[in-house]
Protein chains: 2
Amino acid sequence: MTTDEQSLSTAGRPLTARGEKTRARLLDAAEHVFAELGYHEASIVKITEHAGIGLGTFYLYFETKQAIFEDLVLDLNQRVRRSMSEEMEGATTRIEAERAGFAGFFRFTAEHPALYRVVREAEFVSPPTLKLHYERIVEGYRQGLARAQSDGDIDPRLDPHVAAWALMGVGELIGMRFLLWDRDVNGAPAALDDEVFDSMMRFIDNALGGRRTQGGDE
Amino acid sequence: MTTDEQSLSTAGRPLTARGEKTRARLLDAAEHVFAELGYHEASIVKITEHAGIGLGTFYLYFETKQAIFEDLVLDLNQRVRRSMSEEMEGATTRIEAERAGFAGFFRFTAEHPALYRVVREAEFVSPPTLKLHYERIVEGYRQGLARAQSDGDIDPRLDPHVAAWALMGVGELIGMRFLLWDRDVNGAPAALDDEVFDSMMRFIDNALGGRRTQGGDE
DNA sequence: AGTCAACCTGAAACATGATTCAGGTTGTGG
DNA sequence: CCACAACCTGAATCATGTTTCAGGTTGACT
């Protein structure tokens, strides 16, 4: 359930139950520390302290600070995607699916606001890992859009690949502005305001070009 | 022409012609060094070396490493916006303006790919500066969209503020994926592929909901 | 009730780099 | 051609933090 796509670093060592647990502790601590302080302010000492583990132990499980960061990003990637696909399960039309997918994305972001930050920081800490993250999300999207297109569910003139990236962009900045920034003021978990969500969905609904109006091309 | 909005750091000191020149040299060097290495890999020594100036001199012009970074982001912000509004000048309809604005944005990004990176890194180095950057861009957008709305040029049901952020997101991720990543392979200046651009504009055109089809509300 | 992997530990080695400071240089106005 | 701002300099000071290492601890198995 976890050993699937990972395969990026994770020093290979036997790992008995005890070891497994320690490793998990470290990853969990890293999540909190990186999220709160950012990559460069975070230190191995802080991570091991948070995990309640000796400093030296860290290097039994991860080669470097960067290695644990990369593992963390991949872990988060799986979790967001799960959150999205869970929400999308029942959807029948593409627009329904889209609405559900975004709801899942925002739910995850609202629940783990700081984690969003970790992912974005990957752009500077480990670009290849960030690419992986984005590409895995986009790929699902692209397929969904292509299928919707052959079902006549959305505008056939759109390029699914381009549209998928455009949708990611919308989600990313709307999430950043209306979930994370607004949240900073108080401390509430705060879901995305309904009006904002609806307005965004109208934008997207338009963009994908619903069923009707497939008339001429100018 | 430059002293307008700046006002964020820039230690206040007399500054004769000679000093002015040195300061400009430092900012220019910072641009190159930050762009190439990122904030944390960049060092004051590297910046002063690139500028051909003594290490200590740096601190006569900037309080800290962070201060020069912030000045740089604000400077870039002005330049992108100029690039966008230059391009938008002749446009009559909102869609035309949109197309031109994006063209300007991508032109700037293509010409200064590394600078894009500096701006995005501001999210981690100086969040308030990043907010300023985004908000200055969005504000122009929002006004344009609101005006277009009262002219009946775009879907009246959209919230201009939300739509503006959505558009920013589209530009940001499309630029990142199709300009910066594709570019990395070879080294060409490479403008955004026409097909990609057109496809993105179709998406946006749809999203803003052109003149026709203003029918019912469900 | 001993043995041996596997696991854990934190002080110290090493590296890096921002910032300061005591003292030099430049060039302009008189 | 003197004097004094304004300007410049880079070695030394501090601070921080990753990574290593020599030596303990634990617990499953016999």
Side-chain angles (χ1 to χ4, degrees), chain A residues 9-30 32-72 118 121 124-126, chain B residues 9-73 118 121-122 124-126 129:
Chain A
S9 50
T10 312
R13 211 158 48 93
L15 278 207
T16 66
R18 184 155 61 127
E20 207 72 82
K21 192 174 164 187
T22 302
R23 187 174 191 279
R25 279 253 212 91
L26 281 169
L27 263 176
D28 183 68
H32 290 287
V33 176
F34 281 135
E36 183 175 359
L37 301 175
Y39 183 78
H40 292 280
E41 292 304 304
S43 68
I44 310 290
V45 181
K46 281 173 190 149
I47 291 173
T48 51
E49 264 172 10
H50 189 105
I53 278 176
L55 169 54
T57 308
F58 178 89
Y59 289 90
L60 297 176
Y61 294 93
F62 299 95
E63 302 252 327
T64 61
K65 182 181 172 184
Q66 173 144 344
I68 195 176
F69 182 86
E70 288 172 359
D71 275 9
L72 183 56
V118 170
E121 193 164 17
F124 305 99
V125 174
S126 172
Chain B
S9 50
T10 311
R13 210 159 48 93
L15 279 209
T16 65
R18 183 155 62 128
E20 207 73 81
K21 190 173 165 188
T22 302
R23 186 173 191 281
R25 279 253 211 94
L26 282 170
L27 263 176
D28 183 67
E31 179 175 317
H32 289 287
V33 176
F34 281 136
E36 182 174 359
L37 301 176
Y39 183 78
H40 292 279
E41 292 303 303
S43 68
I44 309 291
V45 180
K46 281 172 188 147
I47 292 173
T48 51
E49 263 171 10
H50 189 105
I53 276 175
L55 168 55
T57 307
F58 177 90
Y59 289 91
L60 297 176
Y61 294 94
F62 300 94
E63 302 253 327
T64 60
K65 183 180 172 184
Q66 172 143 344
I68 195 175
F69 182 86
E70 288 172 358
D71 274 9
L72 183 56
V73 171
V118 170
E121 194 164 16
F124 306 99
V125 175
S126 173
T129 307

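The chains referred to below are lettered A, B, ... by the order of the sequence lines, with proteins before strands, and numbering in each begins at 1.
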Separation of atom [atom1] in [X] from atom [atom2] in [N], rounded to whole Å:
X: F62(A); N: dC8(C); atom1: CZ; atom2: P; answer: 12 Å
X: L60(B); N: dT19(C); atom1: CG; atom2: C1'; answer: 12 Å
X: K21(B); N: dC8(D); atom1: NZ; atom2: P; answer: 10 Å
X: E20(B); N: dG27(C); atom1: CD; atom2: P; answer: 17 Å
X: I47(B); N: dT19(C); atom1: CD1; atom2: C1'; answer: 14 Å

Min side-chain heavy-atom separation [X]-[Y] under 4.5 Å:
X: L26(B); Y: I47(B); answer: yes
X: I68(A); Y: F34(A); answer: yes
X: F69(A); Y: T64(A); answer: no

query: Counting only side-chain N and O atoms of T16(A), is one of them less than 4.0 Å from OP1 or OP2 of dA5(C)?
result: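 Looking at the OP1 and OP2 atoms of dA5(C), neither is under 4.0 Å from any side-chain N or O of T16(A).
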- request: Identify whether NZ of Lys or CZ of Arg in K65(A) sits under 6.0 Å from the centre of the six-membered ring of Y39(A) and within 45° of that ring's axis.
  value: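 Because its charged atom sits under 6.0 Å from the ring centre and within 45° of the axis, K65(A) does stack over Y39(A).
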- line: Contact string for nucleotides 17-30 of chain D, one letter per nucleotide 5' to 3', B = base within protein heavy-atom range under 4.0 Å, S = sugar-phosphate only, - = neither, reads -SBB-----B----
message: Strictly below 4.0 Å, N to O, side chains only: are R23(A) and D28(A) in salt-bridge contact?
response: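 Result for this pair is no, no salt bridge flagged.
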- prompt: Under 3.5 Å, is there a donor-acceptor pair between the side chain of S126(B) and the main chain of A122(B)?
  reply: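 No; judged by distance alone, with no hydrogens or angles, the pair does not exist.
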